[in-house]
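Within every chain, numbering begins at 1; the chains are lettered A, B, ... in the order of the sequence lines, protein sequences first and strands thereafter.
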Amino acid sequence: MNKHPWDIFTMNVNDMLSEIKPGEKHAASLRREDKSLTFVCTNSIRWGGSKESDLKKIRKTKLIKSVTNENKSLKIEPNYEELAESIFNFYSTNKNVFDQERDEQKWIVEYSQPNTHKAFHIGHFRNVVTGDFIVRIARKFGINVIPANYIGDIGTHVLKALLGWELAGKPKPPTLEQEPNLDLSRWLGEYYSQWAQRESGSRENFIKEAWSVKDLLNQDSDFEIGEKFKKFKKNKFLISKILKKSTDGRLHSENFKNLNKSAINWKKDLDLQNEIAERWKNKDPELVKDWKKTKKWCMDAFEKIYRLLDVDFEKIYYESDVEEDAIRISNKLVNKNLAEKEGGSVLVDFKKEPYNSNKLDVLPLLRSDGLPLYSAKDLALAELKQNQYKTNKSFYVVGAPQSFYFKQIFKILEQDKKLSELIHIGYEMVDLPEGKMSSRSGNIVAFSELWEEAKKFTKSKSSQKISKKDLEKVTTGALKHLMFSRDFNKRISFKWEEVLSNEGKTGSYLQYAAVRCKRVIEKSGIQPNLKFEKTKMNKDEKTLIFNIFTIQNELKRSFETISPTPLLESLHRLSKAFSNFYHSSPIINKDPELEKFRINLAYCTLKTLEETLKIFGISVPSRM
RNA sequence: GCGCCUGUAGCUCAACUGGCAGAGCGUCGGGCUUCGAACCCGAAGGUUGCAGGUUCGAAUCCUGCCGGGCGUGCCA
């Protein structure tokens, strides 16, 4: 495999500067100067530039036009004509110009992890594109990557959804004929939301009553008047005690009238939940049948979304598959003194041996009724993944609020030396202007809703001739771009105006540049030959080739930092450079040599955009 | 209380491991008889939350404050 011109260039810079100052990686400190289309070696500033006599001795390669001292820094100007020629050569001999050297590493990336029986919303969407980006960029760097999904198909939220659905009379979902854009996860999520709102409503009501009379109960020695209500709300032990007293009829006074009423109300809801939990525990055939049916609805809905987003999982794990292992592993940890029993529950106390960490606090693994918590299940899943794939790096794409939890989990897993390196990629939440999204309260933007609205908008902006396929490419391009437009650790405040916009720094801008390349090449009737014949380039041609040239570096940075920003920003600079070039320099031209050269430039731009956009899961349409 | 994230132009965000603070939106002005105007050009807009420290040089590193968000034992 021949080398990308950027890699040759940086090697040349290293060799050249090593003659003046041996033993340093000079190219590593190259900084782009966009205005002057040059590079500055920041190391050279540190050692105060170079003597003119030294600079004269330097043997320059053909890619380097001049090396000068400027403000004590070393300025390197590339030779644009040579640059263009080497880019053309490289692009003509490689099918994929950004495929990096093969790597022996094996990674597993766990992402998406939606819960069945709940709507797939924009938060899940951000997760999917984040994980997909990691998978795609790692593959670009020759790494063997296993994309894995972990579906939350059991747990209290599932039972709550089933309960809500049962109470509504187990309605049948609408057919595709009735609702062509049907999203069954969203449809079923409504029943979850209905129940959750009812239950939390009666709970909140009770807690409010309990707070107002709590000092009459003699149970509140830990809670001075003025103590935060929030803290009181979190004290589940105290609250359940008050509930019990109240529903047992032990509180007779007039003062407790409202409290008793709200207690009975909430208790009714709790009983319904306990009842369905009991049925689940006893594997009630009717319930299991319903569960399987509704789970399938949701999985089908997820599959539909994954197809739309062009993501593909090599392995799908279900929470229900690791439940038994989770119990087994928890008990094993107890035997190895890595966890302890406390009543029926099992927990890890990180203050104790062998963890000795004051900061990690305590992590429960099994509930007091013996059922495994998410933590135990994650431990089981980690073991399962490692046994199956024997990776050297394991990524968890999970929301940033869980970073503390993953520190705890990783600490436990690190006790086993066989495991691979564990990395939590935490991305920040997408929230609505009104506040945090919550499927419990129904305050969400479902992905299907987002997609329908965005598609409608795209269609309104598109030419009449646009195909269905291209319409989808533009729509997903816009939506994915929005998710990548901020770094992972920045929250996205969701705004419809931002979705329904196609101007400026958007996915459409990048696609538009690429589409113009396609169309102008097509219109010219010229087959790009990638032969360099022109000798003199204008400013916009230089800027364009400069930006094509430096993409390789930005791609590497994006990979090293696992961050979409460097690459995405550079694609905007490239598209901008192309737009300038397109306006100032007629591609279809009377001068045949000039025309050929510019067609080649457009072709290289197109190839660069197509291949790098693919890393973000974005495709280039042929029309938009 | 403790821990993590965050603060850059009116708004949303960049700034390549310390090296000339830049984009998009919005505002104002200009450009379609010309390869697709989802575009391009020009202008205005900054004490990088505050105060110290390290350095030839700090948005970036260190310390202390202030503001915002999140997490902190049986939900995931």
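Of the candidate nucleotides C75(B), C41(B), A38(B), C75(B) has the atom lying nearest to any side-chain atom of Leu373(A). Among C40(B), C5(B), C74(B), the nucleotide with an atom closest to any side-chain atom of Ser368(A) is C74(B). The nucleotide whose nearest atom lies closest to any side-chain atom of Lys75(A) is, among C20(B), G36(B), A76(B), C20(B). Of the candidate nucleotides G73(B), G36(B), G22(B), G22(B) has the atom nearest to the side chain of Lys35(A). Which of G3(B), C40(B), A76(B) sits closest to the side chain of Lys359(A) comes down to G3(B).
Here Tyr374(A) does not reach the OP1 or OP2 of A76(B): none of its side-chain N or O atoms lies under 4.0 Å away. Look at Lys576(A) and you'll find a side-chain N or O under 4.0 angstrom from OP1 or OP2 of C40(B). Distances shown here put every side-chain N or O of Arg367(A) at or beyond 4.0 Å from the OP1 or OP2 atom of G73(B). Proximity of Tyr509(A) to the phosphate of C40(B): a side-chain N or O atom is located under 4.0 Å from OP1 or OP2. Lys377(A) has no side-chain polar atom (N or O) that falls below the 4.0 Å cut-off from OP1 or OP2 of C75(B).
The same atom, P, is picked in U12(B) and in G49(B); the two are 14 Å apart, to the nearest Å. The same atom, C1', is picked in G18(B) and in A59(B); the two are 11 Å apart, to the nearest Å. For the C1' atoms, the distance linking G73(B) with G68(B) amounts to 28 Å, nearest Å. The C1' atoms of C16(B) and G52(B) are separated by 29 Å, rounded to the nearest whole Å. Nucleotides A37(B) and G30(B) are separated by 14 Å at their C1' atoms, to the nearest Å. C20(B) and G46(B): their C1' atoms are spaced 15 Å apart (whole Å). Distance noted for atom C1' between A9(B) and U48(B): 10 Å (whole Å). G7(B) sits 13 Å from C13(B) when the C1' atoms are compared, rounded to a whole Å.
Using a 4.0 Å heavy-atom distance criterion, Lys523(A) is classed as a sugar-phosphate-only contact. Here Met624(A) lies in heavy-atom contact (under 4.0 Å) with a base. Within 4.0 Å (heavy atoms only), Ser585(A) reaches at least one base atom of the nucleic acid. Looking at heavy-atom distances under 4.0 Å, Ser508(A) makes contact with a base. Among the heavy atoms of the strands lying under 4.0 Å from Arg519(A) is at least one base atom, whether or not backbone atoms are also near.
C75(B) atom P lies 14 Å from atom CG of Leu347(A), rounded to whole Å. With rounding to whole Å, Lys539(A) atom NZ is found 12 Å from C41(B) atom P. Residue Lys459(A) contributes atom NZ, which lies 19 Å from atom P of A38(B) at whole-angstrom precision. Atom-to-atom, CG of Asp361(A) to P of U72(B) comes out at 10 Å; the value is rounded to the nearest Å. With rounding to whole Å, Glu595(A) atom CD is found 15 Å from U34(B) atom C1'. Going from atom CD of Glu503(A) over to atom P of G26(B) covers 6 Å, rounded to whole Å. When rounded to the nearest whole Å, the span between CD of Gln402(A) and C1' of C4(B) equals 13 Å. Between the NE2 atom of His572(A) and the P atom of A23(B) there is a distance of 14 Å, rounded to whole Å.
Across every strand in view, G26(B) sits unpaired, with no contact that passes the Watson-Crick or G-U test at under 3.5 angstrom. Nucleotide G3(B): paired with C70(B) (Watson-Crick or G-U wobble, both distances less than 3.5 Å). A21(B) is unpaired under the Watson-Crick or G-U wobble criterion, no partner having all donor-acceptor distances under 3.5 Å.
Side-chain rings of Phe578(A) and Tyr512(A) stay apart, their centers remaining 6.0 Å or farther from each other.
Between Phe549(A) and His4(A), the ring-plane angle classifies as parallel under the 30° and 60° cut-offs. By the 30° and 60° cut-offs, the orientation of the rings of Phe120(A) relative to His124(A) is tilted.
Annotation: cation-pi geometry satisfied between Lys295(A) and Tyr318(A) (NZ/CZ under 6.0 angstrom from ring centroid, within 45° of ring axis).
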Query raised in the report: Taking it one step at a time, do Glu340(A) and Lys352(A) satisfy salt bridge (Lys or Arg N to Asp or Glu O under 4.0 Å)?
Result: CA-CA 10 Å; Glu340(A) 59 194 85; Lys352(A) 296 181 180 166; 3.1 Å; yes

**Report entry** ring pair (Phe, Tyr, Trp, His ring centres under 6.0 Å) evaluation trace for Tyr374(A) with Tyr150(A)
**Finding:** CA-CA 12 Å; Tyr374(A) 53 98; Tyr150(A) 177 45; over 10 Å; no

Report task. Go through Glu522(A) and Arg623(A) one step at a time and tell me if the salt bridge (Lys or Arg N to Asp or Glu O under 4.0 Å) criterion holds. Result -> CA-CA 12 Å; Glu522(A) 203 180 287; Arg623(A) 218 186 269 276; 5.7 Å; no

Report summary line: Whether each nucleotide of nucleotides 6-16 of chain B has a protein heavy atom under 4.0 Å at its base (B), only at its sugar-phosphate (S) or at neither (-) is summarised, 5' to 3', as SS----SSS-B

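Using modelled atom types and a 3.5 Å distance limit, the side chains of Asn538(A) and Ser585(A) yield a donor-acceptor pair. A side-chain N or O of Ser193(A) and one of Gln197(A) form a donor-acceptor pair less than 3.5 Å apart. Side-chain N/O atoms of Gln552(A) and Asp7(A) include a donor and acceptor closer than 3.5 Å.
With RNA chain B read from its 5' end, the first of the two nearest nucleotides for Val362(A) and Val515(A) is the one closest to Val515(A). Toward the 5' end of RNA chain B, the nearer of the two residues Ile587(A) and Glu319(A), judged by each one's closest nucleotide, is Ile587(A).
Below the 3.5 angstrom threshold, one finds no donor paired with an acceptor across the side chain of Thr506(A) and the base of A38(B).
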